[in-house]
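Heads up: the structure comes next, in structure tokens.
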Amino acid sequence: MTEPITLQQDETFVLNVGPQHPATHGVLRVKMTMDGEYIYNAETVLGYIHRMHEKMAENRTYPQYMPNMGRLDYLSAMSFNHGYALVVERACNIEVPERAEYIRVITVELNRIASHLVWLGAYVLDLGGFTPLMYCFDDREQILDLLEAVTGSRLTYCYFRFGGLYNDIDDDFITGTRAFITHFRKELKMYAKLVTGNVILMKRLKGHGPVDQNMCQRYGATGPVARGSGINYDVRRNEPYSVYPDFDFEVPVFTEGDSYARYLVRMEEMEQSLRIIEQALDKLPDGPINPKKKPKLIKPPPGDYFAAVETARGNFGIRMVSDGGKNAYRMKLRSPTYSNMHLFDEACRGMLIADALAFMGSLDLVIPEMDR
Amino acid sequence: MNIQDKTREALSTLFADMPSPEPETDDGEEGEEKPEIRGNGILEQDYHAKGFHLDVQLEPNQLIEAVRIIYDLGYYLESITGVDWIKEEQLEVVYDFSRYDFDLCRTVVRTRIPRTEPHLPTITPIYTGASWHERETHDFFGIVFDGHPHLVPLLLPEDADFHPLLKDFKA
Amino acid sequence: MGGYFTELFTGAKSLLDGMWVTLKEFPRRPVTLNYPHESVKMYPRFRGHIELIGNQEGKSNCIVCSMCQRACPSGCISLAGVKPEGEKKKVLTKYILDFTTCSLCGSCVESCNFNALRFSNEYNLASTRKEDFIMDLLKRLEEQNQ
Amino acid sequence: MSLTLFNVVLAVIIAISFVGLNAAYLVWCERKGAGLFQRRPGPMENGPWGLLQPPVDGVKLMTKQLLIPGGVDKAIFMVAPVLAMFPALISFVTIPFSENIVAHPIDVGVLMIFAFAALGGMSLLVAGWGSRNKYSMISSVRAVSQTVAYEIPLMITTITVVMISGSLNLGDIVQTQLGGFWHWNIWPLQKQVGFNLLMPFSFLILFVCSVAETNRAPFDLGEAESELVAGFHTEYSSMGFGLFFMGEYANIVIGACLTVILFLGGWACPVGDLGFFPFTHHVGWFLLKIYLIIFVFIWIRWTFPRTTIYGLLNLSWKYLIPISLFNLLLTAGLLKVF
């Protein structure tokens with residue numbers, strides 16, 4: 001445990017972490033003012049892969065903007081597909097057939113597990129353990145295979161359509177998913193032994209990287225970061241969308257607010273996602289996957305619309321301002337890690353660099369989604 | 001009393017000296033009437049059609065007070081964004097607030113400022129996390145948040161002097 | 001003092017647990033494929049770059065309606081056709097896909113009402129030259145016919 | 001005298017080739033082991049099972065350009081990799097591979113190994129200091145505090161064994177453990193001390209310390225790649241990096257040798273003497289034991305996450321040093337009694 005120490009400003013140096021640094025998972029840069037190995041002050045610099053997705057929305061028609069959603073958060077692209085589909089469906093008042101809703105939930109939850117697996121592997125890699133990454137990628141590979149067989153792509157999905165889906169799932173997918181659930185339950189036990197229970201990991205995470213509820217509120221942190229601080233907030237529960245109210249699942253909440261709590265939240269979430277998928281497969285109705293009545297040209301009535309979904313990292317919101325034309329007048333993408341990462345600057349003060357990077361990993365950053 | 005009424009009541013103190021706005025909840029009409037006709041005040045929106053519950057429009061000088069009220073009610077800041085209404089020569093800044101508890105109430109606070117002189121007070125003393133959102137809005141729209149501690153480009157390059165989300169921006 | 005030893009022993013046990021997990025993996029067969037020598041079979045729905053579908057005569061079904069061109073978010077499709085004398089339909093003369101900007105979203109395939117486009121199964125696309133990704137799909141169709 | 005000198009020169013030559021070959025193939029073992037632990041096959045392309053990978057890597061390292069960053073102290077920068085390699089080489093001089101195969105059986109062999117091991121720590125400091133890089137600097141400071149913290153329990157444990165054996169000569173230490181695996185120092189029951197329950201723990205302490213001394217995961221704080229990029233060898237390329245690499249693997253072999261000699265009976269055969277089989281003869285046993293220990297090194301590395309610097313120091317000062325000190329006292333007492 002690190003004791004709080006008084007840091008001296010006149011004996012500091014600046015350590016430039018990133019934009020190319022193994023722990024930043026991409027091109028994030030943190031300018032750290034250090035006193036020895038202690039962080040005196042940190043300033044995050046964003047924008048290294050800023051692509052102005054919001055401007056692109058103004059130049060493309062609504063269906064044409066769908067592929068952009070997969071490029072925001074490459075790890076849980078499905079959820080972003082869902083968010084965008086929701087807001088346009090809300091604006092144009094398109095009904096989604098029930099089968100499509102169920103398939104959406106199944107694919108989103110599979111994608112959530114895949115995303116958490118990458119996080120788990122990369123996080124333990126941040127902490128210096130290489131092997132769990134490979135196991136995670138092995139399991140993730142099976143999810144990607146399942147999704148690839150249905151959607152045709154492995155990472156940057158463009159699977160959802162307004163009111164429905166690109167194509168239907170088949171029996172192979174259902175049996176494959178069921179087999180995966182059985183397999184993955186075993187793997188989760190293995191991870192618990194290999195990683196969760198490991199004393200080195202616990203020592204590194206317990207009590208480090210404290211984020212309290214007030215901090216979450218001030219920064220707007222959502223997702224596992226908020227849930228690790230005792231805030232019972234999950235958009236799937238608090239603001240039910242799609243067919244989530246049909247399922248029986250728990251929202252894991254831990255009150256400690258440290259890196260280990262965030263870690264446990266995600267581990268628990270994978271199990272809950274398995275439960276949701278299982279129930280959805282059981283209940284999967286027959287029927288069409290695209291609505292019978294769908295406007296040929298998507299032209300939402302003027303006004304502004306909002307939709308939020310729970311991605312693997314938290315609350316993803318889209319604010320869409322329409323002027324009645326073929327293109328959006330303004331599309332604001334509220335990405336979860338943008339807010340989650342923001343609290344790093346404040347929370348990491350006085351930490352050792354090793355702990356700070358462990359803390360950064362526990363926020364589960366996906367840089368393209370922050371920079372948009 | 002549910003949180004929606006509570007918030008509306010708390011915020012309506014801001015508009016005490018104004019006549020209460022006409023109940024314009026019908027969407028179709030709202031769409032036809034261009035937003036510039038809309039005066040300051042609180043609108044209750046149909047959540048299923050719009051995705052949010054309370055829609056508050058106010059003057060820039062009322063902003064800090066409104067945000068303070070919202071903060072005290074336990075809302076968290078989702079995002080800050082701008083919209084360029086070039087025809088009306090105005091910039092709209094939209095603040096999205098949401099709640100962590102099960103009293104679902106998304107509140108939108110919006111205010112309009114002239115395009116030629118885009119100045120707004122910062123809300124970073126209340127919501128620390130507004131800092132990046134305000135910097136981003138500054139990047140994209142050139143809106144200056146007075147009192148912001150560190151208003152330098154965040155997503156755009158450090159030397160960027162253009163504001164890409166303005167409608168008259170040409171790449 | 002009791003805590004001291006409990007911590008020591010639970011800690012040591014957790015380490016041994018972890019080592020047992022990795023040891024069990026050690027003798028198992030690798031799950032990876034030795035890529036250039038073996039490769040996976042692609043799924044029928046895999047989205048490679050698009051290609052033209054040939055009908056029985058080996059000609060394209062395309063009638064040059066340009067729907068795919070309009071649907072494409074990145075504007076990477078350019079096509080041209082002529083209307084031969086005495087025929088009702090246009091005949092495709094040029095179909096260029098600029099794969100450098102393609103995002104494989106499938107909008108073009110979806111928008112095609114004449115069963116003229118599909119995804120190929122090609123995933124081994126690598127080159128050091130940009131020009132290799134400006135693809136002439138008509139030429140590709142001819143090559144496939146041979 | 002001249003014979004001794006000849007012996008030493010010969011030994012150094014043999015040691016260099018042994019260390020070089022060993023390091024090269026230990027890298028292969030490490031990569032292969034890592035692969036198998038991680039559900040993948042490891043290197044497969046060059047030669048059968050990738051067996052030709054090490055020479056290819058060697059050629060690559062040697063033919064690469066040696067970059068020297070601007071503004072560094074060139075002398076210090078260049079001397080550091082040599083310093084990393086050289087102590088490990090020298091230490092081989094006194095390692096007894098069998099009764100007869102030892103370059104120079106120095107009477108204070110244990111001390112010599114420790115002296116040069118400390119020099120190895122210095123090479124990290126020099127490399128970090130000479131690189132003119134903040135990450136390297138932090139890394140080298142960490143490495144030094146780690147070396148200091150871990151040499152203490154390492155030495156105390158070694159002293160315990162030395163007290164039991166009554167000699168600082170590594171060969172003599174092995175001699176006292178001959179005649180079957182139950183005579184090895186790892187077991188609590190010893191004729192010199194009667195019954196000392198702490199001996200297995202001493203072995204563990206020695207093992208942990210040698211992992212820490214060689215800067216290997218989970219104690220690889222010096223080159224913690226997710227924090228410090230590559231630590232002290234961030235700025236080294238080509239053979240500068242190669243020497244660090246070889247030095248690391250040479251140190252692993254030294255650590256394994258020390259563990260085997262002090263606790264696992266060195267070249268002694270586990271059951272009596274099976275000298276009539278060629279492989280079971282002395283050198284064979286010694287190498288087998290070393291590689292078993294190295295396998296555990298690799299196994300550990302590919303299982304655990306990294307500790308932090310304070311976690312590491314806590315482990316050393318709160319657990320390893322008290323236990324090893326207590327064992328030292330206990331052994332001293334028992335030696336008096338029996």
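Being a predicted model, the structure only gives us computed values, none of them experimental. Atom set for the values below is all heavy atoms of this structure, side chains included, hydrogens, waters and symmetry mates excluded. The chains referred to below are lettered A, B, ... by the order of the sequence lines, with proteins before strands, and numbering in each begins at 1.
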_Just so I understand: if I count every heavy-atom pair under 4.5 Å between each of A:Glu148, A:Met66, A:Met190, A:Met134 and chain C, which residue has the most?_
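Looking at each of A:Glu148, A:Met66, A:Met190, A:Met134 in turn, A:Glu148 comes out on top.
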
*Against chain C, work out which of A:Asn68, A:Thr151, A:Thr131, A:Thr61 has the most heavy-atom pairs shorter than 4.5 Å and name it.*
A:Thr151

*Do any of residues 110-135 of chain C come closer than 4.5 Å to chain A, heavy atom to heavy atom, and if so which ones, in number order?*
C:Glu110, C:Phe119

Using a strict threshold of under 4.0 Å (side-chain N to carboxylate O), is an ion pair present between [Y] and [X]?
{"X": "C:Glu7", "Y": "A:Lys203", "value": "yes"}
{"X": "A:Glu256", "Y": "A:Lys206", "value": "no"}
{"X": "A:Arg154", "Y": "A:Glu141", "value": "yes"}

*Quick one: side chain to side chain contact (heavy atoms under 4.5 Å, CB included) partners of A:Ala358, sequence neighbours excluded?*
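Applying side chain to side chain contact (heavy atoms under 4.5 Å, CB included) to A:Ala358 gives A:Tyr123, A:Leu127, A:Arg204, A:Leu205.
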
*Quick one: sort the A:His183 and A:Phe180 rings into parallel, tilted or perpendicular, breaks at 30° and 60°.*
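A:His183 and A:Phe180: tilted rings.
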
*What part of A:Asp138 is in contact with chain C, defined as an atom under 4.5 angstrom from a non-hydrogen atom: side chain, backbone, both or neither?*
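Contact with chain C is through the side chain of A:Asp138 alone.
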
*A:Val150, part contacting chain C, at a heavy-atom distance under 4.5 Å*: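 A:Val150 touches chain C through backbone and side-chain heavy atoms alike.
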
*Are the aromatic rings of A:Tyr135 and A:Tyr191 close, with centres under 6.0 Å apart?*
no

*chain A contact via C:Met19 - which portion, at a heavy-atom distance below 4.5 Å*: neither

_Pair A:Ser76, A:Asp73: side-chain N/O donor-acceptor within cut-off below 3.5 Å_ =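 Yes - a donor-acceptor pair under 3.5 Å links their side chains.
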
*Please confirm whether C:Arg45 makes a cation-pi placement over C:Tyr43, using NZ or CZ under 6.0 Å from the six-membered ring centre and within 45° of the ring normal.*
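No cation-pi geometry.
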
*Top contributor to chain A interface from C:Pro44, C:Ser103, C:Ser74, C:Gly18 [non-hydrogen pairs under 4.5 Å]*: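 Option with the top pair count is C:Ser103.
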
*asked:* My understanding is that only one of A:Tyr159, A:Phe162, A:Tyr157, A:Phe160 makes a ring-ring contact (aromatic ring centres under 6.0 Å, His included) with A:Tyr84; could you say which?
replied: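 Filter result, single survivor: A:Phe162.
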
